[in-house]
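Presented below is the structure to which this report refers.
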Number of protein chains: 2
Amino acid sequence: MILSKSFGYALRGILYVSLMQEEKRKVSLDEIAGQLKVPRYFLAKIMKEVVKAGVLSATRGQQGGFFINSNTLNTSLTTIIRLTDGEEYFNICMLSLQKCNPSNPCPLHSKFEPGRQELFEVCHNTTIGMVIKNNKPEFIKSISFH
Amino acid sequence: MILSKSFGYALRGILYVSLMQEEKRKVSLDEIAGQLKVPRYFLAKIMKEVVKAGVLSATRGQQGGFFINSNTLNTSLTTIIRLTDGEEYFNICMLSLQKCNPSNPCPLHSKFEPGRQELFEVCHNTTIGMVIKNNKPEFIKSISFH
DNA sequence: CCCATTAAAGACATGGGCGTCTTTAATCAT
DNA sequence: ATGATTAAAGACGCCCATGTCTTTAATGGG
Ligand code: FES
Ligand code: FES
């Protein structure tokens, strides 16, 4: 598995909340988990981290829920991956040796470097806002695809 | 983690055995695990699968051990990944939805596709023989880098 | 003020990747 | 033949990602 399940849940959750911005309403955990067909309690943990990192905001109580803030749409995939897959995700060697170190490369370093770099670039350059703009139409379907 | 630790162990094990072909000698599990600084018993399980798949050969008993066969140098990385990371590795969606399906893509499909494809191509087109030829000199060091 | 609602926090369970050890079976040197 | 050596096979334990449930705290409606 290239990226963790948690990453998928986090991204889809953030996207769902962002899509609801137009109606300017807050979205409850129950709604997100229900719509995305994602384990409710597990999603709760992840969303807590997302809020703690400032990528989304949330309030408790009646009419409470998750909502976007000034960071949300500018958040890069890299930021989300850091939350879900750990700070070291972008540094570890493909052979699981300590760190990917170009000056003392493993036997596969040169082979994997281009694709790997491409993937990392995309993560760094893609924001939530861009993803939403690109897919608008039927993409709620794909988000909630269980 | 993009690829499993098992993959790293398997590849390095296969490379080590292949490098010893020149002396036309068999290599014991103890020697491989010792040289590569890899958990011996765990490596045993992986090597068993490698042999079962025909990528290497092995005999038991005195003077026994692992040795290369006609498949070894032509084995692609894809073959090894299938053994260690599962048949589905190349099909699963980056968001952990069932399968990566270009005709019903997830919101990130188009973003990740190029890098992902590049990575998969490399795996498909790179063989053990090529890896050995490319890195000959000091690369045992990097293999055994603990 | 009180209560329903909602996220936050924390305790607990499960499964698979990873790691260790023991037993079995094959092979060869003697 | 016998015994040492070596891989194969199987049992077991650990840790962490994943998943579930309960308790706490905040918020707003009545
Ligand atoms: S050192 Fe192994 S991928 Fe860079
Ligand atoms: S459908 Fe998600 S990566 Fe292809």
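Every chain is numbered from 1 and lettered A, B, ... according to where its sequence line falls, protein lines coming before strand lines.
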In [range], what residues come within less than 4.0 Å of DNA chain C, judged by heavy atoms?
range: residues 61-68 of chain B; value: B/G61, B/Q62
range: residues 42-55 of chain B; value: B/F42, B/K45
range: residues 78-92 of chain A; value: none

| request: May I ask you to say what B/V38 touches in the nucleic acid, namely base, sugar-phosphate or nothing, with a heavy-atom cut-off under 4.0 Å? | output: nothing

| Under 4.0 angstrom, heavy atoms only, what part of the nucleic acid is A/Y9 near: base, sugar-phosphate, or nothing? | sugar-phosphate

| Of A/K5 and A/Y41, the one whose closest DNA chain D nucleotide lies more 5' | A/K5

| Non-neighbouring partners of A/R40 that pass side-chain hydrogen bond (donor to acceptor under 3.5 Å, both in side chains), sequence neighbours left out |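 So A/R40 forms a side-chain hydrogen bond (donor to acceptor under 3.5 Å, both in side chains) with A/D30.
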
| said: Which residue is it: B/L43, B/I14, B/I80, B/T75? I am looking for the one with a side chain to side chain contact (heavy atoms under 4.5 Å, CB included) to B/V50. | reply: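 Testing B/V50 for a side chain to side chain contact (heavy atoms under 4.5 Å, CB included) against B/L43, B/I14, B/I80, B/T75 leaves exactly one candidate, B/I14.
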
So, using side-chain contact (heavy atoms from CB on, under 4.5 Å) as the criterion, who are the partners of [X] when residues are at least two apart?
X: B/N74; value: none
X: B/S76; value: B/T78, B/T79
X: B/S6; value: B/S4, B/F42, B/I46, B/T84
X: A/R60; value: none

| message | What is the distance, to the nearest angstrom, from the CZ atom on B/R25 to the P atom on D/dT6? | response | 12 Å

| D/dT20 P sits how many Å from A/D30 CG, rounded? |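 Roughly 14 Å, once rounded to whole Å.
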
| Nearest-neighbour nucleotide for the B/S28 side chain, D/dT18, D/dT20, D/dT6 considered |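 Selected nucleotide: D/dT6.
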
Donor-acceptor contacts, no H, no angles, side chain residues 115-129 of chain A, under 3.5 Å, sequence neighbours left out:
residue, atom, partner, partner atom, Å
A/R116, NH1, A/I92, O, 3.0
A/R116, NH2, A/I92, O, 3.1
A/N125, ND2, A/E121, O, 3.2
A/T126, OG1, A/V122, O, 2.7
A/T127, OG1, A/L73, O, 3.4
A/T127, OG1, A/M130, N, 3.2

Side-chain donor/acceptor pairs under 3.5 Å, residues 61-70 of chain A, sequence neighbours excluded:
residue, atom, partner, partner atom, Å
A/N69, OD1, A/N71, N, 2.8
A/N69, OD1, A/T72, N, 3.2
A/N69, OD1, A/T72, OG1, 3.2
A/N69, ND2, A/G54, O, 3.1
A/N69, ND2, A/S57, OG, 3.0

| Taking side chain as C-beta onward, heavy atoms only, is A/P107 less than 4.5 Å from B/N134? |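 No, too far: nothing below the 4.5 Å cut-off.
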
| Does the side chain of B/L36 come within less than 4.5 Å of B/Y9's, by heavy atoms? | no

| query | Are A/V27 and A/L19 connected in a single hydrophobic cluster, I mean Ile/Leu/Val/Met/Phe/Trp/Tyr linked by side-chain heavy atoms less than 4.5 Å apart? | reply | yes

| Joint hydrophobic cluster, B/F7 plus B/F90, side-chain heavy atoms closer than 4.5 Å | yes

| field | Pairs involving residues 88-98 of chain B, ordered by first then second residue, that meet salt bridge (charged side-chain N to carboxylate O under 4.0 Å, His left out) (sequence neighbours left out) | value |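 For residues 88-98 of chain B, and leaving out neighbouring residues, the salt bridge (charged side-chain N to carboxylate O under 4.0 Å, His left out) pairs sorted by first residue read B/E88-B/K99.
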
| query | How would you give the extent of chain A contacts on DNA chain C, as first and last nucleotide 5' to 3' within a 4.0 Å heavy-atom cut-off? | reply |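 That gives a stretch of C/dA4 to C/dA11.
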
